[in-house]
Amino acid sequence: KQEVTQIPAALSVPEGENLVLNCSFTDSAIYNLQWFRQDPGKGLTSLLLIQSSQREQTSGRLNASLDKSSGRSTLYIAASQPGDSATYLCAVQDSGYSTLTFGKGTMLLVSP
Amino acid sequence: NAGVTQTPKFQVLKTGQSMTLQCAQDMNHNSMYWYRQDPGMGLRLIYYSASEGTTDKGEVPNGYNVSRLNKREFSLRLESAAPSQTSVYFCASSEKWAGNQPQHFGDGTRLSIL
C-alpha cells in the first residue's frame, strides 16, 4: 500500500526566505504527484501536478521537482510572503485512474 | 464560477441520527469524490464516482452511502451517525477519471457527532 510522508510537519520562517518542503512516497510506480495548498477552514487548492515522465513543474514562485526512483518530491517556494502561510499537502496518483493518496501536510507560517 | 459547493458548512448530530451531505459542481466534470480529513490521518477517500451513473468504494466506506444524482451532484449519506464519524468532509471533482487530472475541492462540511 502506498504511503506518503511529509517532512517537516510544521515550519516557521521570516518573510523573504526561500524554503523547501519535502514529500516522500514508498511505491515509486506512480502516475503523477500533486501539490495542494489548504488555508484554515477551507478546501484544497491544486498548485502543481507533475506527471511521472516529468522532472519538475513551475508556477510563479513555486517549483516542484520529482525523483521517482528515490520516491521523493520537493516544493520550493522562493521569496516567501505572509500570504504563503497555509498547509501544503502532497498526493500521489498510483495508476492512470484518479484516486489519490495524501500525505499529512506541512503547516507553513511566514512571519512579516 | 462557484466551482464545488458543499452544504451544509457545519452540522452537529446526535449518535444514531442520519443526514445527507450535499455536493454540487458547475465545471461539467465527469468524476466526483468524497474525502474525510481527520487530525493526524490526512485525507482519506470514502467513495468516488468515476462518471455519472457509477459509484465505487474508497479506502474508508463503512457507515456511508453515496448517490450520484446527476452529472453535477454527488451526495454522501450517514444512515446512523457514530462519534467516530466526527470529521471534516470534502467533496472534490475532476474533469475525467483517467489521466493527469487535478482535483478541485469544496470548502468542506464540519460534522460533529455527540
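Fair warning: this is a prediction, and the values are worked out from it, not measured in the lab. All chains are named by letter (A, B, ...) in the order of the sequence lines, taking the proteins before the strands, and each is independently numbered beginning at 1.
- The environment of A/Lys42 atom NZ is sparse: at most 12 non-hydrogen atoms of other residues, nucleotides or ligands sit within 6.0 angstrom.
- Around CD of A/Glu3, the count of heavy atoms belonging to other residues, nucleotides or ligands within 6.0 Å does not exceed 12.
- There is no path of hydrophobic side-chain contacts, each under 4.5 Å, that joins A/Tyr76 to A/Leu62.
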_From CA spacing to verdict: side-chain contact (heavy atoms from CB on, under 4.5 Å), A/Gln38, B/Phe90_ = CA-CA 12 Å; A/Gln38 185 176 25; B/Phe90 288 101; 3.3 Å; yes
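- Of the two parts of A/Gln51, the backbone and the side chain both hold a non-hydrogen atom closer than 4.5 Å to a non-hydrogen atom of chain B.
- Smallest separation of non-hydrogen atoms from B/Gln101 and A/Gln34: O-NE2, 3.8 Å.
- Chain B forms more heavy-atom pairs under 4.5 Å with one residue of A/Ala91, A/Ser52, A/Gly41, A/Ser46 than with any other, namely A/Gly41.
- With a 4.5 angstrom heavy-atom cutoff, B/Lys9 does not touch chain A via any of its atoms.
- Distance CD/B/Glu59 to CZ/A/Phe102: 11.5 Å, rounded to 0.5 Å.
- A/Gln93 contributes a side-chain N or O that, together with a main-chain N or O of B/Gly99, makes up a donor-acceptor pair within less than 3.5 Å.
- When each of A/Leu49, A/Leu44, A/Asn32 is scored by its heavy-atom pairs under 4.5 Å with chain B, the top score falls to A/Leu44.
- In this structure, CZ in B/Arg44 is found 12.5 Å from OG1 in A/Thr101, a value given to the nearest 0.5 Å.
- Heavy-atom distances place no part of B/Gln6 under 4.5 Å from chain A, backbone and side chain included.
- Around atom CE of B/Met19, more than 12 heavy atoms belonging to other residues, nucleotides or ligands sit under 6.0 Å away.
- Atom CZ of A/Arg55 has 12 or fewer heavy atoms from other residues, nucleotides or ligands within 6.0 Å.
- Within the 4.5 Å cutoff, side-chain heavy atoms of A/Tyr31 are placed close to those of B/Asn100.
- Under the 4.5 Å side-chain contact rule for hydrophobic residues, B/Phe105 and B/Tyr89 do not share a cluster.
- Among B/Gly42, B/Gly40, B/Ser94, B/Gly108, the residue making the largest number of heavy-atom pairs under 4.5 Å with chain A is B/Gly40.
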_Assess the residue pair B/Trp97 and A/Thr99 against the criterion (side-chain contact (heavy atoms from CB on, under 4.5 Å)); give the C-alpha distance rounded to whole Å, side-chain angles, the decisive distance to 0.1 Å, and a yes or no._
CA-CA 9 Å; B/Trp97 171 235; A/Thr99 55; 3.5 Å; yes
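- A/Leu33 and A/Ile77 fall within a single hydrophobic cluster, where Ile, Leu, Val, Met, Phe, Trp and Tyr side chains are chained together by heavy-atom contacts under 4.5 Å.
- With a 4.5 Å cut-off on non-hydrogen atoms, A/Leu89 touches chain B through its side chain but not through its backbone.
- Once rounded to the nearest 0.5 Å, the distance linking OH of B/Tyr35 with CG of A/Leu100 reads 4.5 Å.
- Under the 4.5 Å side-chain heavy-atom criterion for Ile, Leu, Val, Met, Phe, Trp and Tyr, B/Leu43 and B/Ile46 are members of distinct hydrophobic clusters.
- Both A/Trp35 and A/Leu19 are members of a single hydrophobic cluster when ILVMFWY side chains are connected at heavy-atom separations under 4.5 Å.
- Only the side chain of B/Leu45 comes within less than 4.5 Å of a heavy atom of chain A; its backbone N, CA, C and O stay farther away.
- Enclosure of atom NZ in A/Lys104 is not indicated, since only 12 or fewer non-hydrogen atoms of other residues, nucleotides or ligands lie within 6.0 angstrom.
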